[in-house]
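In what follows, a single structure is set out as structure tokens and then discussed.
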Amino acid sequence: MVERISAAALNKIIGGETIGAQTCVIKFYSNKCTYCHNLQEYFQDIADNTEYKSMRFFAFNVADDPKIESRLKFTGVPTICLIKTEPPGSQIIVLEEPREPHQHTWYRSNEITDFIERNT
């Protein structure tokens, strides 16, 4: 399941302020982004995969925190980020831009799953 996350909750994850260690996969999106909307179903399918049941999947609207792109060092949406929390800190990994973006979803599902598997 993908949950929409608030700026306050995202800041807690970034700061490693979670109860125990967690791996979070976050899709950053904008309401005005067609790629973001088209990617939604594929991201949900990945989140529902039992292989990733120990991870938390979130969606964050960049309009809720206009500085988030510079804080996490990415430009543009959609962007996929994996955050490993190990209180009192966290490790933040941003999925690189695709070499050949998909014309409807920007990222392909296998690019996201490969990213998750490489970094967990």
Side-chain angles (χ1 to χ4, degrees):
M1 175 171 75
V2 176
E3 302 173 57
R4 188 170 186 282
I5 190 170
S6 69
L10 176 62
N11 285 327
K12 286 183 179 187
I13 292 170
I14 291 169
E17 299 172 33
T18 60
I19 299 171
Q22 291 185 14
T23 299
C24 304
V25 182
I26 304 171
K27 179 185 86 165
F28 292 90
Y29 72 94
S30 166
N31 287 335
K32 298 176 183 176
C33 172
T34 303
Y35 291 121
C36 297
H37 292 288
N38 293 341
L39 185 61
Q40 181 177 349
E41 181 181 336
Y42 299 104
F43 191 66
Q44 182 67 56
D45 287 345
I46 294 167
D48 290 342
N49 185 327
T50 57
E51 185 176 342
Y52 306 120
K53 66 183 175 190
S54 65
M55 299 177 194
R56 304 283 309 267
F57 285 79
F58 298 106
F60 182 78
N61 187 339
V62 295
D64 292 345
D65 182 353
K67 296 180 181 180
I68 194 66
E69 292 181 53
S70 62
R71 284 180 56 210
L72 297 184
K73 298 179 176 74
F74 69 87
T75 55
V77 289
T79 291
I80 306 295
C81 184
L82 188 139
I83 301 177
K84 295 179 188 178
T85 65
E86 185 76 37
S90 63
Q91 178 186 14
I92 302 167
I93 308 161
V94 177
L95 175 58
E96 62 277 356
E97 295 288 319
R99 283 184 245 168
E100 295 180 29
H102 188 276
Q103 64 181 344
H104 296 292
T105 60
W106 194 254
Y107 294 108
R108 291 168 176 79
S109 292
N110 67 315
E111 292 169 330
I112 297 170
T113 57
D114 290 348
F115 168 71
I116 292 170
E117 290 169 17
R118 275 193 319 269
N119 293 291
T120 54

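Between the side chain of Glu69 and the backbone N or O of Gly76 there is at least one donor-acceptor pair closer than 3.5 Å. Formation of a donor-acceptor pair under 3.5 Å by the Lys27 side chain with backbone atoms of Cys36 is found in this model.
The nearest pair of heavy atoms linking Ser90 to Gly15 is OG-N, 4.3 Å. Annotation for Arg108 and Pro101: closest pair NH1-C, 3.9 Å, computed over non-hydrogen atoms.
Legend: side chain to side chain donor-acceptor pair (under 3.5 Å) pairs involving residues 11-22, not counting sequence neighbours, sorted by first then second residue: Asn11-Arg71, Thr18-Thr85. Residue pairs meeting the side chain to side chain donor-acceptor pair (under 3.5 Å) criterion with at least one partner in residues 32-46, sequence neighbours excluded, are Gln44-Asp48.
Between atom CG of residue Leu39 and atom OG of residue Ser109 there is a gap of 7.5 Å, rounded to the nearest 0.5 Å. How far OG of Ser30 is from CG of Asn61: 6.0 Å, rounded to the nearest 0.5 Å. From Met1, atom CE reaches atom NZ of Lys53 across 16.0 Å, with rounding to the nearest 0.5 Å.
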Steps toward side-chain contact (heavy atoms from CB on, under 4.5 Å) verdict (Ile46, Asn49) | CA-CA 5 Å; Ile46 294 167; Asn49 185 327; 5.6 Å; no
Report the C-alpha separation of Phe115 and Ile93 in whole Å, then their side-chain angles, then the decisive distance to 0.1 Å, and conclude whether the side-chain contact (heavy atoms from CB on, under 4.5 Å) test is met.
-> CA-CA 9 Å; Phe115 168 71; Ile93 308 161; 3.6 Å; yes
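Cluster note: Ile26 groups with Ile5, Leu10, Ile13, Ile14, Phe28, Phe58, Phe60, Val62, Ile68, Leu72, Phe74, Val77, Ile83, Ile92, Val94 through ILVMFWY side-chain heavy atoms spaced under 4.5 Å, whether in direct contact or through intervening members.
Applying side chain to side chain contact (heavy atoms under 4.5 Å, CB included) to Ile116 and the options Ile112, Asp114, Asn119 leaves one that passes, Ile112.
Every residue meeting the side-chain hydrogen bond (donor to acceptor under 3.5 Å, both in side chains) condition with Glu97, not counting sequence neighbours, appears here in chain and number order: Trp106. Remark: Arg118 engages Glu96 in a side-chain hydrogen bond (donor to acceptor under 3.5 Å, both in side chains) (not counting sequence neighbours). Applying the ring pair (Phe, Tyr, Trp, His ring centres under 6.0 Å) test to Phe57 and every residue at least two apart in sequence or in another chain returns Phe43.
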